[in-house]
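Heads up: numbering here begins at 1 and tracks the sequence.
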Amino acid sequence: MSSSNYYKLPLIDGLEALDAVNYNTPFPFHFHPTYNISLVYEGVFETKLSDKSVSALKGTILVTNPHEIHANPCVKADARSFFTFYLTADFFEYANGLKNLQFKEKVIHDDLIFAELHQVSLKIKSGHVGNSYEKQLTDVLKMMVLTHGTIADEHGHEKITAMFDNYLDETHFEKFSLQDAANQLGLDKFKFLRLFKFQTGLTPNNYLILKKIEKSKIMLADGAHLLGVAIDLGFYDTAHFCKHFKKFTGTSPIAYQSSV
């Protein structure tokens, strides 16, 4: 039986985590502002990147970098169980003194690091009180950076350009118009679509949905009502909002809100 639990903790610069058991729902192409570090417990956790596909087997660690466009395909019969840590770039910079840290090795085979991260995940799932696992997690991530990390050329990976980012930050989600966006940037509509996909790896529609989901997390953490969040962000209703929230995060907005 499939289940998932989301954790939001006041440690490690706002650590978030997802515990998924027998999870058989695919994640569409998306990105996170965080490093995603997943411990694979059962099944095969697949990731599609822009240039390749990788498969993480039981006992391995699957990693994606901030703003790295990826999808996680899955068929109903191939459920997988995993635990994912969502960690900010600021934390890695603070803990290791490194900027532009990248993990080029998407699937890491390291029994020691896996075991240490597993111990931290058990403490999180048990509701362990105190910050003892903050130091434990910091230490194991330092080891992971030293053995598997690298410093990337900051111009060598995909980034959302300031032009699009500024425009979308100033745009009300429910009023977004593809034609208006193209006009404001002085582009033909179809050229805007091609350029947007080239720069972000996503269609404008999926990018905006991701923006909505990130905004909804803040609203839910502040105690906003589910219906109010859905309406304010331009979803048809709560069911429509819940469907997209779980599609991109792996958990329901109600479960996310209760974890805060």
Side-chain angles (χ1 to χ4, degrees), residues 4-8 14-18 20 23 25-36 47-48 50 64-74 84 86-89 158-185 189 192-193 195-260:
S4 64
N5 291 295
Y6 207 91
Y7 304 90
K8 188 173 177 64
L15 171 67
E16 297 188 13
L18 173 66
Y23 200 83
T25 302
F27 292 94
F29 275 106
H30 64 293
F31 65 86
H32 298 268
T34 57
Y35 294 89
N36 290 11
T47 291
K48 292 181 66 177
S50 59
T64 56
N65 297 300
H67 299 294
E68 189 168 43
I69 303 298
H70 63 285
N72 304 107
C74 183
T84 298
Y86 300 96
L87 291 151
T88 67
E158 287 183 304
K159 296 171 69 177
I160 299 169
T161 64
M163 178 176 67
F164 288 118
D165 219 20
N166 290 341
Y167 174 81
L168 292 171
D169 282 345
E170 297 169 0
T171 299
H172 294 292
F173 296 122
E174 67 276 12
K175 297 179 181 178
F176 179 79
S177 162
L178 178 60
Q179 186 62 63
D180 289 346
N183 290 343
Q184 184 162 332
L185 296 173
K189 180 171 71 174
F192 173 86
L193 277 172
L195 183 59
F196 193 100
K197 184 71 180 293
F198 176 78
Q199 294 290 349
T200 69
L202 298 172
T203 64
N205 183 58
N206 277 350
Y207 179 81
L208 286 172
I209 291 174
L210 276 172
K211 283 283 191 177
K212 291 181 182 182
I213 298 303
E214 291 303 314
K215 176 64 175 178
S216 74
K217 288 181 178 180
I218 298 172
M219 297 171 72
L220 291 169
D222 289 339
H225 191 273
L226 205 63
L227 178 59
V229 174
I231 292 174
D232 287 348
L233 294 180
F235 290 97
Y236 301 136
D237 50 31
T238 54
H240 186 226
F241 167 55
C242 291
K243 176 183 177 182
H244 280 292
F245 192 96
K246 186 166 186 179
K247 183 179 180 182
F248 283 97
T249 68
T251 192
S252 70
I254 294 175
Y256 179 84
Q257 191 171 50
S258 66
S259 72
V260 176

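Using a 4.5 Å heavy-atom cutoff, the side chains of L193 and T203 are not in contact. Taking the side chain as every heavy atom from C-beta outward, D232 and M219 approach each other to under 4.5 Å. The side-chain heavy atoms of L87 and T34, taken from C-beta on, include no pair separated by under 4.5 Å. For the pair F241 and Y236, the minimum side-chain heavy-atom distance is 4.5 Å or more. Contact of the L220 side chain with the L226 side chain is registered, since non-hydrogen atoms from C-beta on lie closer than 4.5 Å. At least one side-chain heavy atom of P253 sits less than 4.5 Å from a side-chain heavy atom of C242.
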Do S4 and L18 pass the side-chain contact (heavy atoms from CB on, under 4.5 Å) test, and can you show the C-alpha distance, the side-chain angles, and the key distance before you say yes or no? CA-CA 7 Å; S4 64; L18 173 66; 4.0 Å; yes
Output, in order, the C-alpha distance, side-chain angles, deciding distance and verdict of ring-ring contact (aromatic ring centres under 6.0 Å, His included) for Y86 and Y35. CA-CA 6 Å; Y86 300 96; Y35 294 89; over 10 Å; no
I would like to know whether H30 and N72 meet side-chain contact (heavy atoms from CB on, under 4.5 Å); could you show each step before the answer? CA-CA 9 Å; H30 64 293; N72 304 107; 3.8 Å; yes
Determine whether E16 and Y6 satisfy the following criterion, side-chain hydrogen bond (donor to acceptor under 3.5 Å, both in side chains), listing intermediate values before the conclusion. CA-CA 7 Å; E16 297 188 13; Y6 207 91; 2.6 Å; yes
Check the pair L15, T88 against side-chain contact (heavy atoms from CB on, under 4.5 Å), reporting the backbone distance first and the verdict last. CA-CA 8 Å; L15 171 67; T88 67; over 6 Å; no
Verdict with supporting geometry, K215 and L233, side-chain contact (heavy atoms from CB on, under 4.5 Å): CA-CA 8 Å; K215 176 64 175 178; L233 294 180; 3.6 Å; yes
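For residues 242-255, the side-chain hydrogen bond (donor to acceptor under 3.5 Å, both in side chains) pairs, not counting sequence neighbours, are H240-H244.
Here F248 and F27 keep their ring centres 6.0 angstrom or further from each other. For H32 and H70, the gap between ring centers is short of 6.0 Å.
Here the CD1 atom belonging to I209 is positioned 13.5 Å from the CZ atom belonging to F245, to the nearest 0.5 angstrom. Y7 OH to T84 OG1: the interatomic distance, rounded to the nearest 0.5 Å, is 12.5 Å. Atoms CG and CG, from N205 and L210 in turn, are 10.0 Å apart once rounded to the nearest 0.5 Å. For the atom pair F31 CZ and T64 OG1, the distance stands at 12.0 Å (nearest 0.5 Å). Of the inter-residue distances, the one linking N5 atom CG with Y256 atom OH reads 14.5 Å to the nearest 0.5 angstrom.
E214 has no carboxylate O lying under 4.0 Å from a charged side-chain N of K211, or vice versa, which leaves the two without a salt bridge.
Using a distance-only test at 3.5 Å, with no hydrogens or angles considered, a donor-acceptor pair links the side chain of Q257 to the main chain of A224.
Judged by the 6.0 Å distance and 45° axis criteria, K212 is positioned over the aromatic ring of F235.
Nearest heavy atoms, P73 versus A71: CD-O, 3.5 Å.
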